[in-house]
**Student:** 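Pasting a structure here, questions to come.
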Amino acid sequence: MRNVLFYIWIFALSLSCKNTGEDTNLESTNSENNRILFIVSNQHTYGNTKINASNHFAEIVLAYDVLKHKGYSIDFVSPKGGAIPIGYISTSDTIQKKYLYDFEFMKLLKHTRKPEEIISSNYTAVYFGGGGAAMFGVPENEAIQKIVMDIYEKNDGIVSAICHGTAGLVNLKTIDGKFLYDGKKVNGFPDLFENMEAEYYKQFPFSIEQIIKARGGDFSYSKEGWDNYSIADGRLITGQDPTAAASVAEKIIKAIENNTK
């Protein structure tokens, strides 16, 4: 599977399609305080197994597309910086296809920033991407935790996550020592849709649903699944699976606009 992802990556780069002029113009209209930070993982496997893990490409690009067209600039950060594994790719999806063949966009995923390169005061929101890789490396990274909470508390910023990206929220604490999601409505990929007997799941360091509940979060989810389920509770915004990526982005925009009124 890793080889497949590698060749997809090479194929995309080799096409070297040009980024759209529209996106470039939108980006140029942004101020430094109109930036959003996407948080992704460098993890290639489920734990120490040989089972491939990756960041969910649709969950990245569907949110990215909404935010870019609204004029936001977006940076990517990962625990180690550099290239990240991507997967769950559907070339029949027009938005995924657009970004898969966008050389400038793919360069962003190849050259994600390290946490120490991020100036938190430049950002108004963060977005944790999902995919199995999101369970590893990001949740326990203290530098990323500090960046996110600085954006949330010092910038009055937005914290958002999609699917397994909610794993990135579990260790976030406010300055008074409470978990960020304590008493708040929050969502992520629920245990109902995990295969808890499968080897991949046994490598997870925790259950997103169970740890959020145990630490005071009001975790809810759609039992139907893949039906665009997302929740906004103040400046905390979460979505269940890839079908909610765009609506999470739209809720981010609404929350930012409400913040600036």
**Student:** Mind checking whether V170 and I212 have side chains closer than 4.5 Å, heavy atoms only?
**Tutor:** yes
**Student:** If we ignore hydrogens and angles and just use 3.5 Å, is the side chain of N34 paired with the main-chain N or O of Y72 as donor and acceptor?
**Tutor:** no
**Student:** Can V66 and L62 be said to form a side-chain contact (heavy atoms from CB on, under 4.5 Å), step by step?
**Tutor:** CA-CA 7 Å; V66 171; L62 296 179; over 6 Å; no
**Student:** Any donor-acceptor pair under 3.5 Å linking the side chain of D75 with the backbone of R35?
**Tutor:** no
**Student:** Which pairs would a plain distance check flag for residues 198-205, meaning a side-chain donor or acceptor within less than 3.5 Å of a matching protein atom at least two apart in sequence or in another chain?
**Tutor:**
unit_1 : atom_1 : unit_2 : atom_2 : d
E199   : OE2    : Q203   : NE2    : 2.7
Y200   : OH     : E194   : OE1    : 2.6
Y200   : OH     : N195   : N      : 3.0
Y201   : OH     : D191   : OD1    : 3.3

**Student:** Hey, does I51 have a side-chain heavy atom less than 4.5 Å from the side chain of T45?
**Tutor:** no
**Student:** Given 3.5 Å as the limit, does a donor-acceptor pair link the side chain of N259 with the main chain of D156, or not?
**Tutor:** yes
**Student:** Taking all non-hydrogen atoms of both residues into account, name the closest pair between G157 and R235 and its distance.
**Tutor:** O-NH1, 2.7 Å
**Student:** Hey, is the main chain of G137 close enough, under 3.5 Å, to the side chain of E140 for a donor-acceptor pair?
**Tutor:** yes
**Student:** Count the heavy atoms of every other residue, nucleotide or ligand shown that sit under 6.0 Å from CD of E224, and state whether that count exceeds 12.
**Tutor:** no
**Student:** Please test M149 against T174 for side-chain contact (heavy atoms from CB on, under 4.5 Å), starting from the C-alpha separation and ending with a verdict.
**Tutor:** CA-CA 7 Å; M149 292 314 298; T174 59; 4.1 Å; yes
**Student:** Is any side-chain heavy atom of H164 closer than 4.5 Å to a side-chain heavy atom of F136?
**Tutor:** no
**Student:** Would you say the side chain of M106 lies within less than 4.5 Å of the side chain of L100, judging by non-hydrogen atoms?
**Tutor:** yes
**Student:** So do the side chains of T238 and V248 get within less than 4.5 Å of each other, counting heavy atoms only?
**Tutor:** no
**Student:** Is it the case that atom CD in E142 sees more than 12 heavy atoms from other parts of the structure closer than 6.0 Å?
**Tutor:** no
**Student:** Using the ring centroid of each side chain, check whether F105 and Y64 are separated by less than 6.0 Å.
**Tutor:** yes
**Student:** Output yes when a side-chain donor or acceptor of Q145 lies under 3.5 Å from a complementary backbone atom of P139, and no otherwise.
**Tutor:** yes
**Student:** Below 4.0 angstrom, N of the basic side chain to O of the carboxylate: do E209 and K213 qualify?
**Tutor:** yes
**Student:** Flag the pair S78 / I39 as yes when at least one side-chain heavy-atom distance between them is below 4.5 Å, and no otherwise.
**Tutor:** no
**Student:** Keeping D150 on the side-chain end and N155 on the backbone end, is there a donor-acceptor pair under 3.5 Å?
**Tutor:** no
**Student:** Donor-acceptor pair, Y181 side chain versus D218 backbone, under 3.5 Å?
**Tutor:** no
**Student:** Find out whether V159 and F128 are in side-chain contact, i.e. whether some heavy atom of one side chain is under 4.5 Å from a heavy atom of the other.
**Tutor:** yes
**Student:** Could you tell me whether E104 and K107 have a side-chain N and a carboxylate O separated by less than 4.0 Å?
**Tutor:** yes
**Student:** Can you see which heavy atom on T166 is nearest to which on N187, and at what distance?
**Tutor:** OG1-O, 2.8 Å
**Student:** Mind listing the closest non-hydrogen atom pair of I208 and A167 along with its distance?
**Tutor:** CD1-N, 4.0 Å
**Student:** Do you know which two heavy atoms are closest between G225 and D241, and how far apart they sit?
**Tutor:** C-OD2, 3.8 Å
**Student:** Flag the pair K154 / S120 as yes when at least one side-chain heavy-atom distance between them is below 4.5 Å, and no otherwise.
**Tutor:** no
**Student:** Please answer whether the main-chain N or O of P85 pairs with a side-chain N or O of N55 as donor and acceptor at a distance below 3.5 Å.
**Tutor:** yes
**Student:** Using only atom types and a distance under 3.5 Å, with no angle test, would you say the side chain of T112 pairs donor to acceptor with the backbone of G82?
**Tutor:** yes
**Student:** For G239 versus A244, what's the shortest heavy-atom pair and its separation?
**Tutor:** CA-CB, 4.1 Å
**Student:** Measure from the ring center of F38 to the ring center of F76 and say whether it is less than 6.0 Å.
**Tutor:** yes
**Student:** Quickly, which of N122, I144, I74, V126 forms a side chain to side chain contact (heavy atoms under 4.5 Å, CB included) with L37? Name it, please.
**Tutor:** V126
**Student:** Side-chain heavy atoms under 4.5 Å apart, restricted to Ile/Leu/Val/Met/Phe/Trp/Tyr: what other residues fall into the cluster of Y229, or is it alone?
**Tutor:** I231
**Student:** If you compare all heavy atoms of I147 against all heavy atoms of P115, which two are closest, and at what distance to 0.1 Å?
**Tutor:** CD1-O, 3.5 Å
**Student:** Tell me, with the steps shown, if L172 and Y152 meet side-chain contact (heavy atoms from CB on, under 4.5 Å).
**Tutor:** CA-CA 10 Å; L172 298 179; Y152 185 77; over 6 Å; no
**Student:** Assigning hydrophobic clusters by single linkage (Ile, Leu, Val, Met, Phe, Trp, Tyr; side-chain heavy-atom cutoff under 4.5 Å), is M196 placed with Y221?
**Tutor:** yes
**Student:** Report whether I158 and I119 are members of the same hydrophobic cluster (ILVMFWY, side-chain heavy atoms less than 4.5 Å apart, transitive linking).
**Tutor:** no
